[in-house]
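Predicted, not measured: the structure shown is a model, and the values here were computed from it. By convention in this document, chain letters (A, B, ...) are assigned in the order of the sequence lines, proteins followed by strands, and residues within each chain are numbered from 1.
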There are 2 protein chains.
Amino acid sequence: MVQSPLVLVVDDEPAQRAMLSYNIEAQGLRAITASDGEEALVLADEQRPDVILLDWMLPRLSGIEVCRQLKARTATREIPVIIVSARSEEEDRVRGLDTGADDYITKPYSVNELMARIKANLRRVRPTSIGAVLEVGDLRLDAEAHRVFRADAELRLGPTEFRLLSTFMERPGRVWSREQLLDRVWGRDIYVDSRTVDVHIGRLRKALMASGGDNPIRTVRGAGYALG
Amino acid sequence: MVQSPLVLVVDDEPAQRAMLSYNIEAQGLRAITASDGEEALVLADEQRPDVILLDWMLPRLSGIEVCRQLKARTATREIPVIIVSARSEEEDRVRGLDTGADDYITKPYSVNELMARIKANLRRVRPTSIGAVLEVGDLRLDAEAHRVFRADAELRLGPTEFRLLSTFMERPGRVWSREQLLDRVWGRDIYVDSRTVDVHIGRLRKALMASGGDNPIRTVRGAGYALG
DNA sequence: CCGGTTTGTCACGAAACCGACACGGAACGA
DNA sequence: TCGTTCCGTGTCGGTTTCGTGACAAACCGG
């Protein structure tokens, strides 16, 4: 089920966590928090946030180590990590980015800037969740208006097919396994047969080809499906 | 043929342009330059760079205006823009990110940090161009999209041949024994006849040579097979 | 409550893929 | 040169994977 983007806040100071959660939720996003590195890794794994706000100074596991571990696992690799640091030395910035962190902000920062950065990172990873219009080839998907066009003709899609297509359009060309699609489109805890994906792929194809275009969804035997 | 990622450098000072191009190319990337905003828009449109480095202070069109226009056109919307600014006031940072800029760096900056940021942005937008794509000779294998090209012609491979080829491409030139290949390609605990490898090597060769190229897979009698 | 829409499952056929075998030819050693 | 070993490949039966029409249950707006 696609809902509003989820931000994982990792900070050992309760006051910081509360302040950040409050501001994040004020932007229409959802927030969860972790107070140390180990908790952060567990939560990242279980909840799959869309972006992670990571304090550099943490008890137990340091921020940089958490970041490295996140980027080492395929399950969490693609989640953007924004490192929040009190140090402003450039070395740390480079090291942070080299371990795979996606962005970096130094204390003191303004809430406005931080929110802007969170959104900038979200925009890249989950374009549809913040209202952008996706375009791939002759396909155009307006997430906010919940409409899809192909070569200026509007398509009729059911909710599931809509989410399916928007997942494909977020990363054109990438192959998604049936399990990954069930995860993103149906939701983590729903059990449906993985062959159900096939059926919806079929329905989506039918809708996409209704006005004569060719089939834009590629089947990768033994692996899954991809757009283009 | 996919080539190395392209960076568009927009700066009105010739010395800066030269310095940046030099450093970018030293990282194995390609660079093109523009000296004002209008030229930048034209080049962005024509060349479709993978990332744009945009000076804030420009004659004619300001950096922020260029950014806005880039993000307004679908053709260039998804190209990450890194704003380079002499001002360090926070307001500008927020405004920069709000117009759709993807990252922000203030002068004075270090070349190391700038390069780290360029790479961080490339990693996200063209993940396939910086990590997940293997290139060996005229062969290109995109793991994420599950596609293989030889000299721009796409190859049709079954799952086993695909895994076989990607194993070879991970270490070009290395000789793999049949047992090692069975381990990597088929899996540890599967029993299949080791001669089966021969058959799949044959099928892979056939696919690789389908459009006329020579045989890139070398047989090492008594030892196994190798790519190149 | 009702008619249309959406959804998940199943079953069946088609297509792709796989592994084994067998035979012929190439490479090698003496 | 000759015998032996190793490799290339055409063929074939069996299996896996996909596509899709059919259907009943769930859902939903009115």
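- Electrostatic pairing of Glu161(B) and Arg156(B) does not count as a salt bridge here, judged by no charged N lying under 4.0 Å from a carboxylate O.
- Asp138(A) and Arg150(A) are joined by a salt bridge, as a carboxylate oxygen and a charged side-chain nitrogen come within less than 4.0 angstrom of each other.
- Distances were taken from every side-chain heavy atom of Thr160(A) (C-beta onward) to each of dG8(C), dG19(D), dT7(C); the shortest belongs to dT7(C).
- For Arg178(B), the listed nucleotide lying nearest its side chain is dC7(D); candidates were dC18(D), dC7(D), dG8(C).
- Taking only side-chain nitrogens and oxygens, Thr219(B) never comes nearer than 4.0 Å to OP1 or OP2 of dC7(D).
- Remark: P of dG21(D) and CG of Asp198(A) are 14 Å apart, rounded to the nearest angstrom.
- Taking the six-membered ring for Trp and the full ring otherwise, the centers of Trp186(B) and His200(B) sit less than 6.0 Å from each other.
- At whole-Å resolution of the value, OH in Tyr191(B) and P in dC18(C) are 18 Å apart.
- As rounded to whole Å, 16 Å separates atom P of dA16(C) from atom CZ of Arg218(A).
- Separating the CD1 atom of Ile201(A) from the P atom of dT9(C) is a distance of 16 Å, rounded to the nearest angstrom.
- Here the C1' atom of nucleotide dT20(D) and the CG atom of Leu204(A) are 15 Å apart, to the nearest Å.
- For the pair Arg17(A) and Asp12(A), the salt-bridge criterion is not met [side-chain N within less than 4.0 Å of a carboxylate O].
- Across the protein-nucleic acid pair, Leu164(B) atom CG and dC17(C) atom P stand 15 Å apart, rounded to whole Å.
- Neither OP1 nor OP2 of dC18(C) sits under 4.0 Å from any side-chain N or O of Trp186(B).
- One can place CG of Leu155(A) at 13 Å from P of dT6(C), the figure rounded to the nearest angstrom.
- Between the base of dG19(D) and the side chain of Arg195(A) there is a donor-acceptor pair shorter than 3.5 Å.
- Which of dT9(C), dG10(D), dT7(C) sits closest to the side chain of Lys206(B) comes down to dG10(D).
- A donor N or O paired with an acceptor N or O is found under 3.5 Å between the base of dT5(D) and the side-chain atoms of Arg221(B).
- Across all strands, Asp193(B) comes closer than 4.0 Å only to sugar-phosphate atoms, never to a base (heavy-atom distances).
- Of the listed nucleotides (dG19(C), dG8(C), dC7(D)), dC7(D) has the atom at the smallest distance from the side chain of Tyr225(B).
- Straight-line distance from the CG atom of Leu157(A) to the P atom of dT5(C): 15 Å, rounded to whole Å.
- A salt bridge between Glu154(A) and Arg147(A) is present, with a side-chain N of the basic residue lying under 4.0 Å from a carboxylate O of the acidic one.
- In this model, the phosphate group of dC18(C) is not approached by any side-chain N or O of Thr196(B) to a distance below 4.0 Å at OP1 or OP2.
- At dC17(C), one or more side-chain N or O atoms of Arg156(B) fall inside 4.0 Å of OP1 or OP2 (strictly under the cut-off).
- For a distance-only test at 3.5 Å, the side chain of Arg203(B) qualifies as a donor-acceptor partner of the base of dG19(C).
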